[in-house]
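Quick notes on the structure that follows.
Residue numbers begin at 1 in each chain, while the letters A, B, ... track the order of the sequences.
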Amino acid sequence: MPNIPFDKAVLVTCGLPYANGKAHVGHLRTYIPADIYVRSLKKNSQEVTFVCGSDTHGTPIVVNAEELGITPKELVQKYHVHFDEIFKKMDVRFDAFGTTDDETNHNRTLDIVEKLIDRGYVYPKIIEIAYCPQCDRFLPDRYVSGTCPHCEEKARGDECDQGCGKHLEPGELREPVCTICQGPAEYKEQEHFFFKLSEFRDFLLEHLENLGGTLNARNYALGWVKQELTDWCITRNLEWGVKFPGHDDLVVYVWVDAPIGYMAFTEEWAQATGGDWEKFWKGDSPIVHFIGGDIIYHHCIFWPAMLKGAGYSQPSAVVASGMLKIEDKTFSKSRGYVVWVEEDYLDHGFHPDLLRYYLASYTSHTKEVNFSWKIFQDKINTELVGVLGNFLYRNLLFAYKNFGEIPEGEMDPEVIDKIVSTTEEVIQANADYEFKKAADIAMSLASYGNSYFQSNEPWKLIKEDKDACGKVIKNCIQLAKALILLFEPMTPGSMEVAWKQIGMDSDVHEETYEQATVAVVSGTKLEKPKILFTKLEDDKIQEMEDISSKRVKAAMAKEAGKPEVEIEEYKDEIEYDDFAKLDIRVGKIIIAEKIKKSKKLLRLEVDIGDEKPRQVVAGLAEYYKPEEMVGKTVNVLVNLKPVKLCGVESQGMLLAADAGERVSLLTTDKDMGPGSCIR
RNA sequence: AGCGGGGUGGGGUAGCCAGGAGAUCCCGACGGGCUCAUAACCCGUAGACCGAUGGUUCGAAUCCAUCCCCCGCUACCA
């Protein structure tokens with residue numbers, strides 16, 4: 001794939017936000033780098049079209065709308081407007097932002113599905129679909145749970161998520177239960193339609209070999225294709241969505257019409273601007289998809305196969321971003337580890353540029369990024385304020401006070417060289433999707449500016465040799481000009497202001513990197529500069545951390561407060577003798593360690609009063625760390641027949657209260673010596 | 001278990017594919033300087049035997065083998 005610049009116009013897309021909830025910082029992890037990429041390409045005189053839109057279909061939206069007592073359309077509209085506003089406020093500027101419920105997308109989806117049918121890539125098959133008589137609804141994917149036929153564990157409709165991890169075909173799950181009303185579900189035979197994904201294996205292997213973008217996307221997809229490809233069921237029993245041709249009771253699966261949105265939004269852009277959408281989707285102009293790391297499968301396998309099958313061009317690159325952590329904890333709305341863009345960030349008066357800079361410069365694009373208010377404060381204060389902001393301000397204020405205009409002076413060749421090499425490196429880094437690298441390189445020019453200013457001591461020169469001082473300042477203003485251009489993709493709002501401060505009256509967003517070495521004009525009047533980036537005070541950061549921790553506590557309380565798990569049915573009545581058969585004793589844990597190769601198992605040695613401690617294997621690794629178990633007093637069922645688990649013999653069983661997500665070891669109320677019996 | 005990604009000074013990173021002299025850069029710590037600037041900026045110092053072990057090599061963070069640990073694929077995720 002040609003690089004910097006592409007030799008043709010390029011289409012950049014972002015993974016579609018699902019119109020079923022608010023925007024959080026995790027979303028921005030994909031959209032902001034994409035916007036930076038697009039702005040950087042434009043600065044490099046590259047013709048770019050940047051499209052996105054809301055993903056509006058699928059069962060979760062239907063269910064959520066029902067709960068709220070509104071129509072799916074109303075729900076979707078609400079969040080569509082929300083995301084549109086958020087993106088504008090964060091200065092993520094799409095050339096088109098539509099919805100997958102737009103007529104354009106319905107039409108394009110039908111076009112593609114019909115082409116796939118015509119070409120023999122779609123076939124019908126009777127399958128058994130779970131159906132809930134109470135809800136009067138078919139239960140796709142996650143909306144049915146039951147027992148895994150392979151391992152007997154509790155499992156979801158499409159996958160045995162807690163047990164063996166196997167993918168489940170519709171109808172395989174035993175004892176299906178509706179996850180919406182918790183009532184029993186039944187199976188009904190239904191005709192559904194499948195896409196012959198398996199026929200695209202060779203195509204995909206070749207396609208992926210040539211796919212640009214980040215390595216994480218390609219490697220992940222190759223791993224899948226090399227294993228096996230099963231045909232995809234592309235229809236669902238729903239009212240809401242794109243109707244499957246000739247079957248009014250079916251809609252196409254949301255993952256069919258969602259990526260087609262990329263095409264539809266390109267068409268909408270073309271209609272609005274007179275542009276040409278076919279050069280991307282039928283021609284060879286490159287298409288670059290920015291997505292979150294969780295939807296690589298769809299973009300690298302299903303989507304190109306569909307496009308190939310229907311006779312359209314395939315993407316040139318897939319750029320998959322790493323996931324986000326909040327305060328070093330895995331992102332989780334229900335556990336409170338979430339930062340909402342609007343209420344937690346913008347509404348507190350933070351400038352969008354700060355978050356843009358943080359997300360772009362924290363770590364490489366494919367790695368996990370940790371959002372922490374403390375680190376946020378640190379990066380902003382030391383880098384944006386201390387290095388870049390301070391250089392621009394000290395320099396422009398000095399120029400304003402002492403000259404009132406851009407002074408006369410020769411350009412220092414070293415300064416020009418530095419600008420040229422930095423610009424080239426930034427362009428290359430952005431083209432490689434290395435946004436942190438680009439940020440660091442750009443920041444190093446600001447650092448160079450500070451050194452240049454410092455070592456030339458213009459504050460001394462101004463008293464001794466005003467001309468020499470003028471030369472230094474003019475060079476510094478040249479550096480400022482280059483910096484503004486280099487930082488515009490990352491911090492567009494602030495750089496727009498800075499551009500005015502150096503006396504430029506053009507639109508900085510439309511300027512190219514070539515302007516960086518075009519000499520600033522001596523005699524240009526300068527206004528008194530204002531500070532661009534102000535320090536984030538400790539109080540403010542503390543306030544934000546308090547909000548976060550309150551939310552986490554509230555979430556924990558909520559989780560603990562409600563019984564959470566369904567109350568299990570009472571077991572049959574027993575005689576005392578039955579109970580007496582159980583030999584339960586107090587024990588003290590002496591050694592605890594994880595069993596390698598196992599996720600859940602711990603190997604324990606428990607003192608139960610005998611000479612030698614007993615070895616017990618417990619499935620508690622997900623709830624307790626080995627070190628926190630050592631020394632605990634526990635209850636052990638000691639006459640259970642020994643069994644080998646993962647090759648380690650277990651001579652007993654620890655008793656614990658089990659509420660699904662939460663598990664608690666049983667201990668004794670008073671300090672009891674090991675060996676005491678429990679009755 | 002399998003597949004994929006990763007383990008580099010206190011934290012975060014570069015280098016690894018195409019092995020070579022003192023292992024990069026940022027933050028933090030310490031010392032100094034300067035005072036135009038938002039207690040900012042500049043200069044300097046300390047700190048890692050590059051996850052473990054073994055191997056290939058004149059030479060390995062870089063290549064090979066084995067092992068350990070973390071993360072993702074399995075959630076409300078972009």
*Got a sec, which pairs hit salt bridge (Lys or Arg N to Asp or Glu O under 4.0 Å) with one end in residues 57-67 of chain A, sequence neighbours left out?*
A/E66-A/R137
*For residues 440-451 of chain A, which residue pairs qualify under side chain to side chain donor-acceptor pair (under 3.5 Å), counting only residues two or more places apart or in two chains?*
A/R394-A/N450, A/E414-A/Y448, A/K436-A/D440
Polar atom pairs (N or O), protein with nucleotides 4-8 of chain B, under 3.5 Å:
| from | atom 1 | to | atom 2 | distance (Å) |
| --- | --- | --- | --- | --- |
| B/G5 | OP1 | A/N219 | ND2 | 3.4 |

_Base, sugar-phosphate or nothing for A/I296? Non-hydrogen atoms, less than 4.0 Å._
nothing
_Of the listed nucleotides B/C36, B/A78, B/C71, the one nearest the side chain of A/E368_ = B/C71
*Does A/T363 put a side-chain nitrogen or oxygen below 4.0 Å from OP1 or OP2 of B/G12?*
no
_Reading 5' to 3' through nucleotides 29-35 of chain B, protein heavy-atom contacts under 4.0 Å coded B for base, S for sugar-phosphate only, - for none_ = ----BSS
_Can you measure A/L388 atom CG to B/C41 atom C1' for me and round it to whole angstrom units?_
14 Å
*Hey, does the side-chain of A/S451 have a donor or acceptor N/O within less than 3.5 Å of a partner on the base of B/C42?*
no
*With C1' as the reference atom in both, quote the distance from B/G15 to B/A60 in angstrom, rounded to an integer.*
13 Å
*Among B/C77, B/C41, B/U38, the one nearest A/M323 by side-chain distance*: B/C77
*For RNA chain B, what residues of residues 434-448 of chain A have any heavy atom nearer than 4.0 Å?*
A/K436, A/S447
*Nearest of B/C36, B/U38, B/A14 to any side-chain atom of A/F398?*
B/C36
*Which listed nucleotide (B/C77, B/C26, B/C42) is nearest to the side chain of A/E383?*
B/C26
_salt bridge (Lys or Arg N to Asp or Glu O under 4.0 Å) involving A/R551 - partner list, sequence neighbours excluded_ = A/E343, A/D344
